[in-house]
2 protein chains.
Amino acid sequence: MQPFAYDLPCLAMALSHAIMTALLDGPLSGYDLAREFDTSLGFFWHASHQQIYQELRKLSDQGWLQARCIAQQGKPDKIVYALTPTGRQTLDDWVAEPSKRKPAKDDLLVKLYNVGHSDVAPLVAEIRRRREWHSGRLALFERIRRNHYDAPQRLSPHKQGIYLALAAGIRQERTSLEWCEEALGLLEPLLRDAHP
Amino acid sequence: MQPFAYDLPCLAMALSHAIMTALLDGPLSGYDLAREFDTSLGFFWHASHQQIYQELRKLSDQGWLQARCIAQQGKPDKIVYALTPTGRQTLDDWVAEPSKRKPAKDDLLVKLYNVGHSDVAPLVAEIRRRREWHSGRLALFERIRRNHYDAPQRLSPHKQGIYLALAAGIRQERTSLEWCEEALGLLEPLLRDAHP
DNA sequence: TAGCGCATGTAACGCGTTACATGATTAC
DNA sequence: GTAATCATGTAACGCGTTACATGCGCTA
């Protein structure tokens, strides 16, 4: 029954926590957060500004963030959000929960099941495009590692955590690149004997 | 403006195409499809039976699948779906479209940004759990490869496509496993100097 | 004067998950 | 009897995307 339990809407499973995580290092505005979610944390959990603003509203209503309006000169006012002690506690509780893997879904792998029935040329083109993209991503991640996370054993625990996320990204991209090479090696020969 | 355009609801971006892909090899019932999506194709694009039944309804309404009721003895009747020529064409068109990568979102990587602020013990436990899971998955995938996709160069093009999906899975799992080892190597030493 | 950066939102909609629901037959 | 397998659905809801919307100040 639970009369008068929580009327507040439930919060996004993880985005809310990702936002709170981004606020660990200090208060930020929605705009700043949106840019943060285009890089760094956003490499592993992307979010659009629309989603972020809605989430910030909910998090404030819930009491996990404290909003403060800041007047600026030459720029529009902004609203800066800070973690509250309750928010901090909620975040810690979430970190302690077991995470669920979400199986990554990829169109391309489904399309591969159509080889032999459909034309392979577009798939080859797509895999070549991905090879370029992964190679760019890999270069970016490796540059970041070289510049900020060299010698991980000597880093602070906090930076070690971030390093491990980056390391996951690097391994991921490298693997994807290698797979692209393998796939092209197998599919390119099929291009000659074209399809009906 | 487009008056009287399509009144039919838009179809699931990829699940509909995944279902049609599964029907390339012959007609199947919703139940059969649901089992298919627990293995093989489902390794790369999972779907629940609820989702599948709804999608089948839409695909039939759209004219991309043909439903036929089959009476059985000792078992409930079943509805078997087959690709129509229009469906087949739609599928081919989809394969030829460029795919969009969806950046995989993973709670765990976000949680790693909390190291140094929250307790690492639950993260270490989570990574150990994942190590076991990935290792099981890898063993499964490698068994399938050994049994059905040995010597990929000699396979038919259709099987080569499926092989490549499997190969992506194998590389993925291997990479994840290696990452788990690296992460545990870095985080386990932090367990002793425990947290406030 | 046109476009970009800063700054914040609303609305609609689709995909996916979770919970709930039914009912027959076969195997232990 | 009671659990598992076969077989098919409905309803609610939340996350995420896309499209749409506003308005100031600086630079080319």
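We name chains A, B, ... by the order of the sequence lines, and we start the count at 1 in each one.
A:K105 comes within contact range of the sugar-phosphate backbone alone, with a heavy-atom separation under 4.0 Å but no base atom that close. Contact annotation for A:K100: no contact, since no heavy-atom pair falls under 4.0 Å across all strands.
Distance from the side chain of B:Q51 is smallest to C:dT17 among D:dG16, C:dT17, C:dT8.
In this entry the distance linking CD of B:Q54 with P of C:dT18 reads 15 Å, nearest Å. In this structure, B:Q50 places its CD atom 17 Å from P of D:dA7, rounding to the nearest Å. Straight-line distance from the NE2 atom of B:H46 to the P atom of C:dT18: 10 Å, rounded to whole Å. The CD1-P distance, from B:I70 to C:dA24, rounds to 21 Å in whole Å. Between the C1' atom of C:dT17 and the CG atom of B:L15 lies a distance of 13 Å, rounded to the nearest Å. One can place NE2 of B:H49 at 11 Å from P of D:dT10, the figure rounded to the nearest angstrom. Taking atom NZ of residue B:K58 and atom P of nucleotide D:dT10, one finds them 12 Å apart after rounding to whole Å. Regarding B:K102, its NZ atom lies at a distance of 12 Å from the C1' atom of D:dC15, rounded to whole Å.
When the shell of 6.0 Å around CD of B:E182 is examined, it contains more than 12 heavy atoms from other residues, nucleotides or ligands.
Ring planes of A:Y113 and B:F44: tilted class, angle from 30 to 60°. Using bins of under 30°, 30° to 60° and over 60° for the plane-to-plane angle, the ring pair B:W94/B:H17 lands in the parallel bin. Relative orientation of the A:Y163 and A:Y149 rings is tilted, given thresholds of 30° and 60° on the angle between their planes. Below 30°, between 30° and 60°, or above 60°: for B:H117 and A:H158 the angle between ring planes is above 60°, a perpendicular geometry.
For the salt bridge (Lys or Arg N to Asp or Glu O under 4.0 Å) criterion with A:E181, the lone passing option out of A:R174, A:R131, A:R128 is A:R131.
A donor-acceptor contact under 3.5 angstrom links the side chains of B:S99 and A:K111, judged on distance only.
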Set out, line by line, the N/O atom pairs under 3.5 Å between protein and nucleotides 4-7 of chain C.
residue, atom, partner, partner atom, Å
C:dC6, OP2, A:Y31, OH, 2.8
C:dC6, O5', A:Y31, OH, 3.4
C:dA7, OP1, A:Q72, OE1, 3.2
C:dA7, OP1, A:Q72, NE2, 2.5

